Amino acid sequence: MTRLTTRPESSADFTKTGSPVPKACAARICIALAKARFWEEHPGLKEAISAYDGNYYYIPYLPDGKYGGAWYIRQDWLDALGLEQPQNVDEYYAVLKAFREQDPNGNGLKDEIPYFARQWEEVLRLLNLWDARSSGSDTYHDFYVTDDGKVVHPYAQEAYRDGLANIAQGYAEGLIDPEIFTRGSSSRDYLLSENLGGATHDWFASTSGYNAALVDKISGFNFIPFLPPASAGAVRMEEHRRIPIKPDGWAISYTNNNPVETIKYSDFWFTPEGSNLANFGVEGKTWDMVNGEPIYKAEVLTSDQAVNSPMYLEGAQIYRGYPQDYRYEWQWTSEAARQGIELHDQHDLLLDQFLGVAFNRDEQSVYDKYWPSIRTYMLERQQAWVLGSGDIQADWDAYVATLDKMGYAQVIEVMNSAYQRQYGD
């Protein structure tokens, strides 16, 4: 396997000899330095893609932007019931209860769905309101790193027990979509367009777009992001943020006969020219440089398609090894979402992410032996408890004992050994 690093043509190598830099080499140096500068400006990412031997073997797709999802609520329903935005877990429960009992959509039926989600896993964000975690990254059910630097899994912590017990109670009371596990990705479209959905946790840009989409269908419709309610422990947290690194990207196989040329090609996408091409398409065709900023043409922003669609056709915004530029998304983010992002930016809400680990062969064998069955068991019990089959409080000790028998401690041991090797001082 070829080690993916830039070749010796670097500024340091040339300046050591004092030799003049040929023009062609100078261009290559600038391109290589662009990538090196990116790693320097984004500490931790090079470690995240490194293998256990310290080398890295692929150039990843690198998403940009801080915020992913946010808590959303029907402000028009709050107004109709004379309620304020909930500021803590108790107030949030009271609001969901009012949405269920007080007919905020005004049709005389008890048909409101207080909390819904496109992906059922988003119901687990409610765990945060009881100081528990649902994931350590933007991948559902992931491990996370504790304040003292230990890797653990959220579904083996006591805070999870208490949080899931409250979620199960909310489900039993009709505060959570009864079809949360089965309705699927169409739930947001259906429940909002039918004036049935009250609150969710979902992506900023796409969710705020419903205000414009439904303005002529639902009088006064106003679905807006708000700050996360403070938890039982008086902590406001936003667990979901954009992960800065993805497994998609460029890789060089052992059969590649031109690794140096391949690396040069990869380096290009880290230059301003390459980054603009990968993010916005062809200058003059889909965008123009205006006061030093790449700005989409009006026909791109006003198309009846999401901006991603024409970008894909142009070969832009494709998951490959390049640094994404958040300016591409900000241009078509609604004003309501922008205000929500700016509001979140005024508070220190985002939690650090777990960027994954690289196992050596022995660690990998332990993980592969135990983790798949443990994860399956965790998710089976999780859904059963929410649906009312069993009581997590009563079942907890037996659940933890089963995890131990299934090898949870061994998995955590190899996760931490790999984490310390990869990110430790």
Side-chain angles (χ1 to χ4, degrees), residues 39 42-52 54 56-58 60-70 119 121-160 163-164 201 203 228 231 235-249 319 323-324 344 348-360 363-364 366-368 370-372 374-376 378-379 382 403 407-425:
W39 297 129
H42 297 81
L45 296 194
K46 185 181 286 189
E47 290 82 357
I49 65 169
S50 296
Y52 72 91
Y56 60 102
Y57 297 93
Y58 86 116
Y61 163 53
L62 299 152
D64 192 21
K66 296 194 313 186
Y67 298 100
Q119 289 84 31
E121 290 92 346
E122 288 298 326
V123 76
L124 300 174
R125 301 292 183 195
L126 295 169
L127 290 167
N128 298 166
L129 302 182
W130 288 275
D131 301 290
R133 298 291 300 276
S134 73
S135 182
S137 72
D138 76 340
T139 299
Y140 293 124
H141 320 301
D142 203 0
F143 295 84
Y144 74 99
V145 182
T146 63
D147 291 340
D148 60 355
K150 302 297 183 183
V151 180
V152 299
H153 197 273
Y155 305 159
Q157 312 308 308
E158 288 191 357
Y160 167 77
L164 200 69
H201 187 279
W203 286 85
S231 69
V235 175
R236 289 188 192 266
M237 71 173 85
E238 177 49 65
E239 179 183 56
H240 184 229
R241 64 189 300 169
R242 295 167 189 254
I243 196 167
I245 192 165
K246 288 280 193 178
D248 315 85
Y319 292 178
Q324 188 185 52
H344 280 64
D348 186 18
L349 303 176
L350 291 175
L351 302 179
D352 289 338
Q353 288 197 76
F354 174 60
L355 296 179
V357 294
F359 292 128
N360 62 31
E363 292 163 345
Q364 187 71 57
V366 171
Y367 181 89
D368 291 344
Y370 296 115
W371 182 246
I374 292 174
R375 184 180 185 275
T376 298
M378 284 177 162
L379 297 186
Q382 183 179 84
L403 293 180
Y408 175 77
Q410 290 91 320
V411 171
I412 293 302
E413 181 180 359
V414 299
M415 290 293 296
N416 278 282
S417 64
Y419 182 81
Q420 291 303 318
R421 178 180 60 246
Q422 197 160 348
Y423 301 100
D425 296 332

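Just so it is clear, the values below take in all heavy atoms, side chains as well, and ignore hydrogens, waters and symmetry mates. Computed from a predicted structure; not experimentally measured.
- For the pair M378/Y160, no side-chain contact is recorded, criterion being any heavy-atom separation below 4.5 Å from C-beta on.
- Using modelled atom types, one side-chain atom of E239 and one backbone atom of S135 make a donor-acceptor pair closer than 3.5 Å.
- With sequence neighbours excluded, the residues that form a side-chain contact (heavy atoms from CB on, under 4.5 Å) with D148 are T146, K150.
- In this structure a side-chain-to-backbone donor-acceptor pair under 3.5 Å is present from Q422 to A358.
- Taking the six-membered ring where tryptophan is involved, the planes of Y67 and H344 are perpendicular, since the angle between them exceeds 60° and thus also 30°.
- Residues passing the salt bridge (charged side-chain N to carboxylate O under 4.0 Å, His left out) test with D138, sequence neighbours excluded: K246.
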Please lay out, stage by stage, how L355 and Y423 fare under the test side-chain contact (heavy atoms from CB on, under 4.5 Å).
CA-CA 10 Å; L355 296 179; Y423 301 100; 3.6 Å; yes

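- Using a 4.5 Å heavy-atom cutoff, the side chains of L349 and P228 are in contact.
- The line from CD of E121 to NE2 of H240 is 11.5 Å long, rounded to the nearest 0.5 Å.
- A heavy-atom distance below 4.5 Å is not found between the side chains of T139 and F354.
- With sequence neighbours left out, the side-chain hydrogen bond (donor to acceptor under 3.5 Å, both in side chains) criterion links S417 to E363.
- Under a cut-off of 6.0 angstrom, the local environment of OH in Y140 is crowded, with over 12 non-hydrogen atoms contributed by other residues, nucleotides or ligands.
- Annotation: the span from N128 atom CG to M237 atom CE amounts to 5.0 Å, rounded to 0.5 Å.
- At least one donor-acceptor pair closer than 3.5 Å links the side chain of Y408 to the backbone N or O of H153.
- A donor atom on one side chain and an acceptor atom on the other are found under 3.5 Å apart for E238 and H201.
- Side chain of E47 to main chain of G424: no donor-acceptor pair is present (N/O by atom type, distance under 3.5 Å, no hydrogens or angles).
- With sequence neighbours excluded, the residues forming a side-chain contact (heavy atoms from CB on, under 4.5 Å) with D352 are R241, listed by chain and number.
- For Q364, the CD atom sits in a packed shell: over 12 heavy atoms of surrounding residues, nucleotides or ligands are nearer than 6.0 Å.
- Rounded to the nearest 0.5 Å, atoms CG (D131) and OG (S231) are 3.0 Å apart.
- The one candidate from V151, V152, L351 that meets the side chain to side chain contact (heavy atoms under 4.5 Å, CB included) condition with Y144 is V152.
- W371 pairs in a side chain to side chain contact (heavy atoms under 4.5 Å, CB included) with only one of the listed residues (V411, T376, V366), which is V411.
- In terms of the side-chain contact (heavy atoms from CB on, under 4.5 Å) criterion, residue partners of Y52 (sequence neighbours excluded) are, by chain and number, N360, R421.
- For the atom pair CD1 (I243) and OH (Y61), the distance works out to 11.5 Å, reported to the nearest 0.5 Å.
- For D368, the CG atom is densely surrounded, since the number of other residues' heavy atoms within 6.0 Å is greater than 12.
- Side-chain contact between L164 and L126 is absent, with no heavy atoms from C-beta onward closer than 4.5 Å.
- The side-chain contact (heavy atoms from CB on, under 4.5 Å) search around P60 returns W39, I49, Y58, L62, I245, not counting sequence neighbours.
- Between Y155 and H141, the ring planes lie perpendicular to each other; the angle is over 60°, past the 30° to 60° tilted range.
- Taking CZ of R375 as the reference point, atom CG of D142 lies at 9.0 Å (rounded to 0.5 Å).
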